[in-house]
Asks: 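Would you mind keeping the following structure in view while I ask a few things?
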Amino acid sequence: MKNVEKYTKQFFEAPKTAMKWTQKSYIDKAPQWCSVDLRDGNQALITPMNLDEKIEFYKYLIKAGFKEIEIGFPAASETEYEFCRTLIENDMIPDDVSIQVLTQSREHIIAKTFEALRGAKNAIIHLYNSTSVAQREQVFRKEKQEIIDIAVFGAKLCKEYREKTEGNFRFEYSPESFTGTEPEFALEICNAVLDVWQPSAEDKAIINLPVTVSHSMPHVYANQVEYMCENLKYRENVIVSLHPHNDRGCAVADSEMGLLAGADRIEGTLFGNGERTGNVDIITLAMNMYSQGVDPELDFSNLPEITEVYERVTRMKVYERQPYSGQLVFAAFSGSHQDAIAKGMKWREERKSEHWTVPYLPIDPTDVGRVYEADVIRINSQSGKGGIGYLMETRYGMNLPPKMREAFGYHVKSVSDHAHKELLPDEVYDIFMNNYVNIETPVSISEIHYVQNSGIEATVTFEVNGKTAVVTNNGNGRLDAVSNAIKSYFNISYTIETYTEHALENGSDSKAVAYVGIKADDGTMFWGTGIDTDIIMSSARALMSAVNRMKKA
């Protein structure tokens with residue numbers, strides 16, 4: 001890479017902290033969640049949502065369990081203002097839900113914001129101004145005290161307008177571009193705002209520490225958060241919130257480490273939608289907790305439905321490998337992965353295991369509205385016998401013998417390889433039915449009669465190229481007698497190596513399925529399957545199918 005010398009670190013390490021967060025190995029309780037899909041996420045869309053779409057998405061966020069939802073910047077546009085008024089005037093805000101709105105530290109914007117919120121049962125006014133070195137020097141060209149004065153001015157106005165506006169309001173302050181701000185200065189400006197608001201147990205304030213642009217590794221951010229948590233005034237009455245963006249692909253790690261470092265609250269979006277590379281994906285964060293036995297207090301039990309709503313109203317696409325949500329995140333194409341999953345599922349069923357420990361699957365797909373057969377075992381040229389066998393057993397009720405499973409697996413992989421595509425479950429089933437089940441060319445069996453005569457005597461009626469032949473022979477069992485009749489009439493030689501059978505369906509009129517593997521004199525194995533309402537006939541059909549495959553070969 002050229003021009004590397006033009007880049008340097010733009011973050012400031014926190015003064016030395018105890019780094020107590022490093023002693024924790026997991027997050028043991030859900031944070032307060034705030035969805036910013038309707039503000040931060042909406043402003044990042046090529047085509048922002050219209051009023052109806054915002055209302056539909058808002059209702060879905062409430063259904064998912066969000067208690068705080070940032071709905072927009074009502075002073076910025078008529079659509080944002082109208083949305084805010086629609087929610088309030090139509091009584092669409094549940095008693096336990098707070099809407100949140102963003103405002104700059106300017107009086108006409110704050111006035112318009114409170115006007116939009118008039119009559120709100122529960123609302124959070126989110127005040128912000130930029131504090132980073134780059135913003136101070138390049139954008140505002142102001143000294144530190146001037147930046148503090150902007151924040152304090154806005155904080156006082158918020159307090160004044162709250163006194164004269166109908167509604168129930170709480171306050172939040174963000175030192176925007178926190179990660180590019182000296183931690184000591186971020187602390188100074190936050191404490192100056194808190195001195196104005198004087199938070200109490202009944203009127204807590206939110207201090208939000210945004211990763212407006214990600215500049216550092218996650219542990220650096222965690223140290224900054226710990227420093228703020230330990231030094232903020234009124235800490236017992238302050239909710240420390242995080243709002244990580246994903247420029248370095250670290251938003252989830254920033255959030256998790258920040259929570260370990262003492263933060264109480266997360267602002268993010270579903271699927272991580274947001275400016276540039278996006279915000280932190282709340283679904284990923286919540287499901288990470290869920291996968292370790294911690295209730296995230298959000299309901300993502302139907303991710304396909306959430307995905308459908310999100311993609312429709314935002315016109316965005318959820319990436320196929322998006323954690324937990326993507327179409328392929330539970331899919332296993334690799335043969336070894338499929339085999340391990342299939343065996344893990346069987347082990348869990350046998351042991352009736354209380355905990356989920358299936359290889360390659362961090363959570364049970366059914367817990368988020370996915371299904372094993374369609375989502376987990378995906379068949380292509382990379383698949384193996386374990387996955388294909390698992391699919392045939394769980395979806396179609398056919399428990400192929402291990403060696404037949406292997407042979408059929410190679411057959412399916414060959415079809416996929418030549419077609420250069422994934423095979424759907426029904427396509428795999430059709431390959432099996434067309435190539436192994438009740439094969440009647442060149443020879444079929446139309447009738448068999450058995451009598452007890454020094455063992456078993458079978459009289460078999462063959463149909464060969466439109467002609468009928470009746471052959472009688474003996475054996476030490478029914479299948480052996482039929483096999484000897486086949487060998488004598490067609491003058492062929494083989495040995496029956498494998499025979500298994502099982503009921504294919506439940507009930508008195510169920511069908512039976514039989515699997516037969518025969519070995520030719522040169523050692524080649526041929527497999528056949530028979531399905532019939534009569535178990536004796538199904539085994540004869542399986543044998544005849546295997547012989548027909550041998551004769552064709």
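The first residue of the sequence shown is numbered 1, and numbering continues consecutively from there.
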Asks: Can you confirm whether Phe300 sits close enough to Leu270 that some side-chain heavy atom of one is under 4.5 Å from a side-chain heavy atom of the other?
Replies: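 Result yes, sub-4.5 Å side-chain heavy-atom pair found.
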Asks: Taking it one step at a time, do Met257 and Tyr221 satisfy side chain to side chain contact (heavy atoms under 4.5 Å, CB included)?
Replies: CA-CA 8 Å; Met257 290 187 182; Tyr221 179 59; over 6 Å; no
Asks: Under 6.0 Å from the ring centre and within 45 degrees of the ring axis: does the NZ or CZ of Arg478 meet both conditions for the six-membered ring of Tyr450?
Replies: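 Arg478 over Tyr450 ring: yes.
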Asks: Is the shortest distance from a Lys or Arg side-chain nitrogen in Lys67 or Asp96 to a carboxylate oxygen in the other one below 4.0 Å?
Replies: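 Looking at Lys67 and Asp96, the cut-off is met.
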Asks: What is the minimum heavy-atom distance between His243 and Asn279, and which atoms define it?
Replies: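 Looking at all heavy atoms of both residues, the shortest contact is NE2-OD1, 3.9 Å.
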Asks: Taking Lys29 first and then Glu297, would you say they form a salt bridge - that is, a charged N and a carboxylate O separated by under 4.0 Å?
Replies: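 Between Glu297 and Lys29 there is no salt bridge, as every charged N stays at least 4.0 Å from the carboxylate O atoms.
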Asks: Rounded to the nearest 0.5 Å, how far does OG of Ser291 lie from CG of Asp367?
Replies: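 Here the rounded value is 11.0 Å.
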Asks: Only one of Ile531, Ile439, Val516, Val443 passes side-chain contact (heavy atoms from CB on, under 4.5 Å) with Ser545; say which it is.
Replies: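 Among the candidates, only Ile439 passes.
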Asks: Could you tell me whether the side chain of Glu53 and the main chain of Asn50 form a donor-acceptor pair under 3.5 Å?
Replies: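 Between the backbone of Asn50 and the side chain of Glu53 there is a qualifying donor-acceptor contact (under 3.5 Å).
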Asks: Pairing donors with acceptors under 3.5 angstrom, does anything connect the side chains of Ser483 and Tyr494?
Replies: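 Yes, Tyr494 and Ser483 have a side-chain donor paired with an acceptor closer than 3.5 Å.
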Asks: Take atom CE in Met92; do more than 12 heavy atoms of anything else shown fall under 6.0 Å from it?
Replies: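 More than 12 within 6.0 Å, yes.
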Asks: Check the pair Ile266 / Leu259 against side chain to side chain contact (heavy atoms under 4.5 Å, CB included), numbers first and verdict last.
Replies: CA-CA 8 Å; Ile266 293 289; Leu259 288 172; 4.1 Å; yes
Asks: Is the side chain of Thr307 donor-acceptor paired with the backbone N or O of Leu303 at a distance under 3.5 Å, no angle test?
Replies: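 Between the backbone of Leu303 and the side chain of Thr307 there is a qualifying donor-acceptor contact (under 3.5 Å).
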Asks: Has the side chain of Arg405 got a donor or acceptor atom that lies under 3.5 Å from a matching backbone atom of Leu400?
Replies: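 Yes; judged by distance alone, with no hydrogens or angles, the pair exists.
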Asks: So which heavy atom on Val225 is nearest to which on Gly258, and how close?
Replies: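 Minimum heavy-atom contact is CG1-O, 3.6 Å.
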Asks: Should Ile341 and Leu361 count as side-chain neighbours, where that means a heavy-atom distance under 4.5 Å?
Replies: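 Touching, per the 4.5 Å side-chain cut-off.
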Asks: Return the CG to CG distance between Leu38 and Leu87, rounded to the nearest 0.5 Å.
Replies: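 Answer for the CG-CG pair, Leu38 versus Leu87, is 8.5 Å.
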Asks: How about Asn399 and Tyr515: does a side-chain donor come under 3.5 Å of a side-chain acceptor?
Replies: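 No pair is found: no donor N or O on one side chain lies under 3.5 Å from an acceptor on the other.
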Asks: Is there side-chain contact between Ile486 and Val460, with heavy atoms separated by less than 4.5 Å?
Replies: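 No, side chains not in contact.
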Asks: Does the side chain of Glu68 reach to within under 4.5 Å of the side chain of Trp33, using non-hydrogen atoms?
Replies: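 No, side chains not in contact.
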Asks: Using a 3.5 Å distance criterion without hydrogens, assess whether the side chain of Glu349 forms a donor-acceptor pair with backbone atoms of Lys352.
Replies: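 Looks like no, no N/O pair under 3.5 Å.
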Asks: Which pair of non-hydrogen atoms, one from Asn484 and one from Asn473, has the smallest distance, and what is that distance?
Replies: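 For Asn484 versus Asn473, the nearest heavy atoms are O-ND2, 3.2 Å.
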Asks: Could you check whether any side-chain heavy atom of Leu260 comes within less than 4.5 Å of a side-chain heavy atom of Ile27, counting everything from C-beta outward?
Replies: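 They are in side-chain contact.
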Asks: Using side-chain heavy atoms (C-beta onward) and a distance below 4.5 Å, is Trp347 in contact with Thr357?
Replies: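 Heavy-atom side-chain distance check passes, below 4.5 Å.
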Asks: Which distance, rounded to the nearest 0.5 Å, do you find between the OG1 of Thr269 and the CG of Asn246?
Replies: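 The OG1 atom of Thr269 sits 9.5 Å away from the CG atom of Asn246.
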Asks: Between Glu497 and Lys403, does a salt bridge (charged side-chain N to carboxylate O under 4.0 Å, His left out) hold up when you go through it step by step?
Replies: CA-CA 10 Å; Glu497 292 288 312; Lys403 290 185 178 179; over 6 Å; no
Asks: Please indicate whether Asp95 has more than 12 foreign heavy atoms, meaning atoms of other residues, nucleotides or ligands, lying under 6.0 Å from its CG.
Replies: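 No, CG of Asp95 has 12 or fewer neighbouring heavy atoms, counting only those of other groups under 6.0 Å.
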Asks: Glu70 and salt bridge (charged side-chain N to carboxylate O under 4.0 Å, His left out): which single residue from Arg265, Arg39, Lys54 fits?
Replies: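 When salt bridge (charged side-chain N to carboxylate O under 4.0 Å, His left out) is applied between Glu70 and each of Arg265, Arg39, Lys54, only Arg39 qualifies.
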Asks: Would one find more than 12 heavy atoms of other residues, nucleotides or ligands at under 6.0 Å from atom NZ of Lys59?
Replies: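 Open.
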Asks: To the nearest 0.5 Å, what is the distance between OG1 (Thr498) and CE (Met525)?
Replies: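 It is 5.0 Å, given to the nearest 0.5 Å.
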Asks: Which pair of heavy atoms, one from Pro442 and one from Lys551, lies closest together, and at what distance?
Replies: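 Taking every non-hydrogen atom into account, CG-CE, 3.9 Å.
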Asks: Can you tell me if Ser416 uses its side chain to pair, donor with acceptor, with the backbone of Val412 under 3.5 Å?
Replies: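 Side chain of Ser416 to backbone of Val412: no pair is present.
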Asks: For Ile518 and Val547, what are the C-alpha separation, side-chain angles and deciding distance, and is it a side chain to side chain contact (heavy atoms under 4.5 Å, CB included)?
Replies: CA-CA 8 Å; Ile518 61 175; Val547 170; 4.0 Å; yes
Asks: Can you classify the ring geometry of Phe57 versus Tyr310 as parallel (below 30°), tilted (30 to 60°) or perpendicular (above 60°)?
Replies: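 Ring orientation, 0 to 90° scale: perpendicular.
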Asks: Would Glu393 and Lys346 pass as an ion pair if we require N to O under 4.0 Å?
Replies: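 No salt bridge links Glu393 with Lys346.
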Asks: Without swapping roles, check the side chain of Arg370 against the backbone of Gln327 for a donor-acceptor pair under 3.5 Å.
Replies: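 At least one qualifying donor-acceptor pair exists.
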Asks: When rounded to the nearest 0.5 angstrom, what is the spacing between OH in Tyr436 and CG in Asn548?
Replies: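 With rounding to 0.5 Å, OH (Tyr436) is 14.0 Å from CG (Asn548).
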Asks: Say you draw a straight line from CD1 of Ile445 to CE of Met537; how long is it, rounded to the nearest 0.5 Å?
Replies: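 Those atoms lie 6.0 Å apart.
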Asks: In the structure I gave you, are the side-chain heavy atoms of Trp356 and Arg348 within less than 4.5 Å of one another anywhere?
Replies: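 With C-beta onward as the side chain, the pair touches.
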Asks: So which heavy atom on Thr284 is nearest to which on Asp281, and how close?
Replies: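 It is OG1-OD2, 2.7 Å.
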Asks: So which heavy atom on Val294 is nearest to which on Ala30, and how close?
Replies: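 Residues Val294 and Ala30, closest heavy atoms: CG1-N, 4.4 Å.
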Asks: Can you check whether Leu504 reaches Met398 side chain to side chain, under 4.5 Å on heavy atoms?
Replies: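 In contact.
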Asks: Is Lys467 atom NZ crowded by more than 12 heavy atoms from other residues, nucleotides or ligands, each under 6.0 Å away?
Replies: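 Count not over threshold, so no.
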Asks: Could you check Arg315 against Leu45 for side chain to side chain contact (heavy atoms under 4.5 Å, CB included), going step by step and ending with a plain yes or no?
Replies: CA-CA 8 Å; Arg315 301 164 187 82; Leu45 299 176; 5.9 Å; no
Asks: For a quick check under 3.5 Å, do Ser98 and Gln100 share a side-chain donor-acceptor pair by atom type?
Replies: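 Result is no, nothing qualifies.
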Asks: Name the residue from Ile388, Thr529, Asn435 that meets the side-chain contact (heavy atoms from CB on, under 4.5 Å) definition with Phe408.
Replies: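 Between Phe408 and the candidates, side-chain contact (heavy atoms from CB on, under 4.5 Å) is satisfied uniquely by Ile388.
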Asks: Look at the aromatic rings of Phe462 and Tyr489 and report parallel, tilted or perpendicular, splitting at 30° and 60°.
Replies: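 Because their plane-to-plane angle is under 30°, the rings of Phe462 and Tyr489 count as parallel.
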